[in-house]
Amino acid sequence: MIMYFSATGNTKYCAEFIAGRLNDESIISLNDMMKKNITEINCEGQKRIGIFSPVYDGDLAYAVSEFIERLEFRNVPEDCYIYGLFTCGSMSGNASERLGTVLSAKGLKLSAAFVVVMPDNYVLMFPQKSNEKIQSSLKNADVTLQTVIKDIEDCKKVFMRRGMKIPSFVMYLIHKFFIPSQRKVKGFTVNNDCIGCGLCAEVCPMNIIELRDNRPVWTEDKCACCLSCLHRCPKRAVNRQKSAKNGRYINPNVKL
Ligand SMILES: Cc1cc2nc3c(=O)[nH]c(=O)nc-3n(C[C@H](O)[C@H](O)[C@H](O)COP(=O)(O)O)c2cc1C
């Protein structure tokens with residue numbers, strides 16, 4: 001079983017790639033589970049459970065850690081191999097430590113962690129790369145995935161990391177100051193290109209976007225900062241911080 005969270009398709013791509021090659025894996029979208037407020041999952045008979053997430057701010061995506069904290073894993077076999085797979089633009093930070101901690105509070109053990117570097121979708125901060133760079137990053141990701149599949153098949157206990165581990169006082173500061181500001185919604189804007197299609201509301205995993213007079217309104221300061229609404233807007237009408245000049249990204253090899 002693979003559970004994944006994905007906004008712009010990178011992590012979904014990895015989930016499909018690995019499930020496709022391991023044959024026996026079912027794929028579950030954490031975005032859908034969050035939207036439907038599903039709070040338990042039956043893991044009976046599972047040999048492996050994969051939890052796939054993007055890295056946000058050097059950590060497991062906040063929406064994912066919060067959701068996994070709430071989720072009740074039922075009937076997990078004693079010898080089940082539970083692994084994390086994290087996609088990131090360059091640095092995986094402390095994502096695996098976070099997942100390990102969240103799972104261990106539930107009496108579950110993280111057996112392995114994999115990292116796949118993919119195109120960075122953090123356009124609030126960084127400009128989109130050129131098409132050539134995106135294509136080359138996607139090719140490299142496929143190479144990484146080939147080795148990762150072998151390790152998963154063999155239930156290997158490996159812990160991959162890209163970049164350095166973030167010191168705990170830095171993590172503390174990120175969580176105390178930076179992440180709360182990212183979760184606020186006042187920075188979102190929508191311009192006159194908006195056609196009121198409602199896709200932004202549909203793809204918001206936190207259900208905090210409403211259409212009022214055919215325009216999106218962000219209603220609560222609990223944004224996942226996944227940027228689904230921004231990247232997936234068909235008219236590029238949604239913006240926040242520097243996104244207007246930084247471009248958009250959607251993984252071209254996956255259907256969202
Ligand atoms: C809010 C936010 C924070 C991010 N922080 C990091 C980071 O700390 N390190 C990194 O390498 N990539 C970071 N990224 C990039 C994503 O992890 C990366 O593009 C990921 O593959 C996106 O997955 P998705 O396409 O499945 O949504 C960040 C992206 C967002 C939106």
Side-chain angles (χ1 to χ4, degrees), residues 2-18 27-32 34 50-66 84-99 113-129 133-134 137-138 140-142 144-145 148 160-167 170-171 173-175 177-185 187-188 203-206 222-232 238-243 246-256:
I2 293 176
M3 298 177 223
Y4 73 89
F5 179 82
S6 185
T8 56
N10 287 344
T11 318
K12 181 175 187 188
Y13 176 79
C14 295
E16 289 182 349
F17 191 103
I18 288 178
I27 307 187
I28 296 164
S29 157
L30 288 172
N31 305 56
D32 287 351
M34 286 174 195
I51 299 172
F52 289 25
S53 169
V55 174
Y56 289 171
D57 305 319
D59 205 336
L60 186 62
Y62 347 123
V64 174
S65 49
E66 284 176 4
L85 183 144
F86 310 104
T87 69
C88 64
S90 55
M91 287 171 63
S92 59
N94 299 10
S96 66
E97 282 81 2
R98 172 77 56 200
L99 183 59
F114 303 97
V115 176
V116 185
V117 174
M118 300 193 80
D120 199 317
N121 67 355
Y122 203 2
V123 291
L124 305 187
M125 298 260 186
F126 310 110
Q128 250 332 284
K129 298 252 166 37
K133 285 201 170 140
I134 288 178
S137 165
L138 292 170
N140 291 339
D142 279 2
T144 308
L145 282 168
V148 164
M160 279 168 76
R161 186 195 307 280
R162 279 296 296 238
M164 57 167 210
K165 182 168 180 215
I166 301 175
V170 177
M171 220 58 217
L173 294 175
I174 291 175
H175 277 267
F177 299 107
F178 186 66
I179 292 179
S181 75
Q182 294 292 76
R183 305 209 70 170
K184 295 210 164 98
V185 293
F188 281 103
V203 298
C204 173
M206 309 308 279
K222 53 175 198 181
C223 178
C225 205
C226 67
L227 309 183
S228 289
C229 56
L230 189 152
H231 286 288
R232 294 183 59 188
V238 175
N239 278 297
R240 186 179 175 180
Q241 289 162 243
K242 296 177 181 161
S243 69
N246 282 349
R248 296 287 188 275
Y249 172 75
I250 294 284
N251 185 304
N253 302 325
V254 81
K255 192 165 175 294
L256 287 175

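Indexing begins at 1, ligand by ligand and atom by atom, following the structure's order.
Using a 4.0 Å cut-off to heavy atoms of C225, the atoms of ligand 1 that qualify are 1 (C), 31 (C). Near S90, with a cut-off below 4.0 Å to any heavy atom, the atoms of ligand 1 are 10 (C), 11 (O). Near D57, the atoms of ligand 1 lying under 4.0 angstrom from a non-hydrogen atom of the residue are 3 (C), 4 (C), 5 (N), 6 (C), 7 (C), 8 (O). Atoms of ligand 1 lying under 4.0 Å from any heavy atom of D120, numbered from 1 in the order shown and given with element: 12 (N), 14 (N), 15 (C), 19 (O). Each of the following atoms of ligand 1 lies closer than 4.0 Å to a heavy atom of G58: 7 (C), 8 (O). Below 4.0 Å from some heavy atom of A7 lie the following atoms of ligand 1, by number and element: 24 (P), 26 (O), 27 (O). Atom numbering of ligand 1 starts at 1 in the shown order; those under 4.0 Å from a heavy atom of T8 are 24 (P), 25 (O), 27 (O).
Counting heavy atoms from C-beta on, the side chains of M91 and I166 never come closer than 4.5 Å. Using a 4.5 Å heavy-atom threshold, the side chains of C226 and N31 count as separate.
When the heavy-atom distances from atom 14 (N) of ligand 1 to I179, V115, N10, V55 are ranked, the shortest goes to V55. For atom 9 (N) of ligand 1, the nearest non-hydrogen atom from the set Q182, M91, H231 comes from M91.
If you take OH on Y122 and CG on D57, they are separated by 4.0 Å, rounding to the nearest 0.5 Å. Between the CG atom in N251 and the CG atom in N121 there is a gap of 10.5 Å [rounded to 0.5 Å]. To the nearest 0.5 Å, atom CD1 of residue I134 and atom NZ of residue K129 are 8.5 Å apart. Here the CG-NE2 distance, from D59 to H175, works out to 4.0 Å after rounding to the nearest 0.5 Å. Atom OG in S96 sits 12.5 Å away from atom CD1 in I51 (nearest 0.5 Å).
Below 3.5 Å of separation, one finds no N or O of P54 facing any N or O of ligand 1. At least one N/O-N/O distance between T87 and ligand 1 falls below 3.5 Å. Among the atoms of S6, some N or O lies under 3.5 angstrom from an N or O of ligand 1.
Residue contact check for ligand 1: G93 places no non-hydrogen atom closer than 4.0 Å to it. Using a 4.0 Å heavy-atom cutoff, C14 is absent from the residues neighbouring ligand 1.
Under a 3.5 Å cut-off, the side chain of N10 and the backbone N or O of P119 do form a donor-acceptor pair.
Using a cutoff of 4.0 Å between basic side-chain nitrogens and carboxylate oxygens, K255 and E16 are not scored as salt-bridged.
In S92, neither the side chain nor the backbone holds a heavy atom less than 4.0 Å from any atom of ligand 1. For T11, heavy-atom contacts with ligand 1 shorter than 4.0 Å involve the backbone as well as the side chain.
Of all heavy-atom pairs spanning K12 and S6, the tightest one is N-OG, 3.3 Å.
A donor and an acceptor atom, one from each side chain of Y13 and D142, are located under 3.5 Å apart.
Of the protein's non-hydrogen atoms, N121 OD1, 3.8 Å is the one closest to atom 18 (C) of ligand 1. At the top of the distance list for atom 12 (N) of ligand 1, counting protein heavy atoms only, stands G89 N, 3.1 Å.
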